[in-house]
There are 2 protein chains.
Amino acid sequence: MSYEGSSAVVNGRQNGRPTLEQVAARAGVGRGTVSRVINGSPRVSEQTRTAVARAVAELGYVPNQAARALAGSRTDAIALVIPEAEARLFAEPYFLDLIRGVSAELADADKQLLLTLVRSEQERQRFEQYLAAQRVDGVLLASVHGDDPLPDRIRELGLPVVMNGRRSEAEPVPYVDSDNIGAGRAAVAHLVGGGRSRIATVTGPLDMYVARARLGGYRAGLAEAGHAPDEALVSAGDFTEEGGRRAMRLLLDRRPDLDAVFVASDVMAAGARGVLREAGRRVPEDVALVGVDDSAVARLMDPPLTSVRQPIEEMGRTMARMLIREIHGIQEGGEASEEPRRHVLPTELIVRESC
Amino acid sequence: MSYEGSSAVVNGRQNGRPTLEQVAARAGVGRGTVSRVINGSPRVSEQTRTAVARAVAELGYVPNQAARALAGSRTDAIALVIPEAEARLFAEPYFLDLIRGVSAELADADKQLLLTLVRSEQERQRFEQYLAAQRVDGVLLASVHGDDPLPDRIRELGLPVVMNGRRSEAEPVPYVDSDNIGAGRAAVAHLVGGGRSRIATVTGPLDMYVARARLGGYRAGLAEAGHAPDEALVSAGDFTEEGGRRAMRLLLDRRPDLDAVFVASDVMAAGARGVLREAGRRVPEDVALVGVDDSAVARLMDPPLTSVRQPIEEMGRTMARMLIREIHGIQEGGEASEEPRRHVLPTELIVRESC
DNA sequence: AACTAGTGTGGGAGCGCTCCCATTGCCATA
DNA sequence: TATGGCAATGGGAGCGCTCCCACACTAGTT
């Protein structure tokens with residue numbers, strides 16, 4: 001079948017991949033010594049190390065991961081969990097960028113990435129099973145809703161967790177978030193600076209902290225500029241294009257005199273932009289627009305959309321780094337060095353022609 | 001140290017997770033029997049099965065994956081490899097859709113997805129190491145270039161592989177592709193049907209089969225419509241927006257009288273559209289445009305872009321399904337049922353206002 | 001009554017590592 | 001010369017499964 005041909009007489013192995021034992025035999029040392037060399041223990045003489053290294057190279061030895069995991073009870077793999085529903089909502093590149101960041105950091109640490117898209121409640125339960133099967137050393141959680149019990153569940157299993165975003169202001173689980181309040185504030189400041197005074201906002205779904213934070217930033221921005229709050233200028237969307245359309249129509253109904261909108265995502269901004277066009281409003285002459293995400297959508301809109309950029313890939317990297325540290329903390333037993341368990345990364349306003 | 005705590009008297013386990021042995025003890029049967037029940041062997045009496053199931057439930061037993069992998073030499077995980085460079089080029093949603101399809105199919109088969117973004121030659125080698133460590137039962141490969149040796153390398157390791165796309169017409173490795181020739185043909189047919197006669201094309205990088213196939217479809221479409229081929233109407237891009245711009249400028253230089261362009265990707269079409277605007281050509285009045293991918297970009301362009309849709313998620317599912325079958329073929333030893341090793345899924349023209 | 005042919009079932013023998021306890025040899029110290 | 005200490009090493013004892021052989025036990029044959 002797909003077995004080895006008659007190839008290797010060269011090396012001592014007969015079939016399948018060589019084992020530690022075979023490497024040891026070839027190098028003329030014991031199993032323990034080979035293990036030490038493989039794992040970089042300092043307690044090996046230079047001479048022995050070289051001999052073992054040669055045997056490893058000659059046999060093309062690669063340690064069997066399952067055996068390592070079983071004997072050492074660590075898998076060198078982590079799981080990244082993404083709720084499928086959200087994967088569709090978010091500006092498309094979001095999760096890919098996040099994955100990219102996580103993946104880069106894990107590669108540097110020589111760990112593997114297990115990607116889990118969770119589609120349904122049933123699959124979520126299967127995922128918990130799977131954690132219990134001790135396949136991973138830790139978990140990264142993306143896009144968690146306000147009432148999600150999963151993070152706590154995982155911690156109960158004794159697994160380290162880091163989330164992307166938080167469920168509330170006082171999040172007990174370690175997380176990496178972007179400065180969503182700062183995002184709203186910067187957007188409003190820019191609009192105010194451009195001479196706008198009747199600034200509305202289309203928010204995300206308010207059961208998500210990220211949406212509340214951006215709204216909070218918007219309010220803070222207005223306050224700082226000395227504008228009175230006006231709830232008629234606030235309309236809730238749901239991060240979809242259609243939601244953006246609906247919210248924009250509502251705003252136009254309620255306050256036809258608005259002259260700017262801070263939309264909490266680029267995708268919703270695309271919807272809003274369509275409604276404005278239908279209503280005969282010009283962008284940016286009549287109404288200025290600012291989005292969030294700085295996605296491809298923003299660049300391609302007509303006019304190109306000013307948008308608040310989040311350092312998504314960097315968030316991914318940071319999450320992975322935090323998780324790895326925590327895992328090491330547990331494995332080495334060295335009491336967790338109590339480093340910051342929450343990171344809020346800065347956002348940046350990318351100015352384009354929409355305001 | 002980690003020996004019996006005083007904890008759970010409720011169930012038989014002492015600390016950490018329960019083992020097969022403990023389940024066996026509780027159910028009053030042997031290890032082998034529990035294993036049979038867990039793995040759904042028919043050779044167990046109904047009565048015993050029930051008793052074991054109860055013990056499993058009571059203890060909250062979940063089999064340890066590492067032990068299973070070691071003893072059974074299968075991991076129930078597969079790797080999906082995506083070259084990072086391509087991840088940036090392709091219309092953004094592509095890989096996410098692919099991942100979605102793969103993930104869905106794997107979830108149904110209760111297998112895990114290991115995602116590997118390959119950034120550099122160094123990382124590619126690490127990936128081979130990693131395959132040798134027997135972490136996965138098979139490999140899914142996305143976006144393979146014409147001269148990529150990786151697919152063959154993996155097969156030499158005795159691992160099943162399925163690719164997304166192919167390296168050449170006569171691809172020996174099993175693959176799933178979309179009908180790129182049909183895509184080009186359909187686009188041209190549509191343009192011809194709209195009364196266009198000087199139809200140009202912007203191709204992808206011609207070292208990729210996908211680019212050659214779309215070009216082939218374009219030519220076939222012209223031939224079928226009775227148009228003579230004209231190499232001045234063909235310009236090579238590289239799947240980037242900037243590449244699309246360059247190629248479009250070249251075309252406009254060479255054949256200012258062109259009245260339609262089939263662009264081999266939406267992203268390049270966005271670039272081309274910009275150049276056309278700068279040149280004072282209206283879309284679709286002066287020049288009709290057709291892209292490929294039916295991405296968000298296409299929907300958001302002004303005017304919205306007619307584009308050929310590929311069933312990306314379906315490709316992902318199909319790939320996963322093929323791979324799983326092949327893995328079973330090997331594991332059950334049942335000689336590979338010699339089912340089709342190549343699938344070409346149909347594409348679909350999505351007509352919008354750009355032509 | 002002695003046989004065959006199944007079913008169910010128990011449990012030994014690994015799978016290929018890591019962990020850790022011995023053991024060896026060597027040098028510095030008493 | 002005896003003694004302790006330490007670096008380097010070997011290898012036993014698992015880790016928690018799957019595989020498979022052996023052994024009951026039943027029931028249907030001759």
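Since this is a predicted model, take the numbers as computed values, not measurements.
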Ion pair check, Arg166(B) and Asp177(B), cut-off under 4.0 Å: yes
What is the separation between atom CD on Glu46(A) and atom P on dT9(D), rounded to the nearest whole Å? 10 Å
In whole angstroms, how far is the P atom of dG8(C) from the CD atom of Gln47(B)? 12 Å
Write down the distance between CZ (Arg43(A)) and C1' (dC20(C)), rounded to a whole number of angstrom. 13 Å
Compare all side-chain heavy atoms of Arg68(A) with those of Ile38(A) and state whether any distance is below 4.5 angstrom. yes
My understanding is that only residues two or more places apart in sequence, or in another chain, count here; which of them pass side-chain hydrogen bond (donor to acceptor under 3.5 Å, both in side chains) with Ser35(A)? Asn39(A)
In B/S/- notation, 5' to 3', how is nucleotides 10-22 of chain D contacted by protein heavy atoms closer than 4.0 Å? BBBBBBBBB-B--
Basic-acidic side-chain contact under 4.0 Å: Arg321(A), Glu314(A): yes
Taking only side-chain nitrogens and oxygens of Ser45(A), does any of them come within less than 4.0 Å of OP1 or OP2 of dA7(D)? no
Salt bridge flag under 4.0 Å for residues Arg317(B) and Asp108(B): yes
Among Arg126(A), Glu128(A), Gln122(A), exactly one meets side-chain contact (heavy atoms from CB on, under 4.5 Å) together with Arg124(A). Which residue is that? Glu128(A)
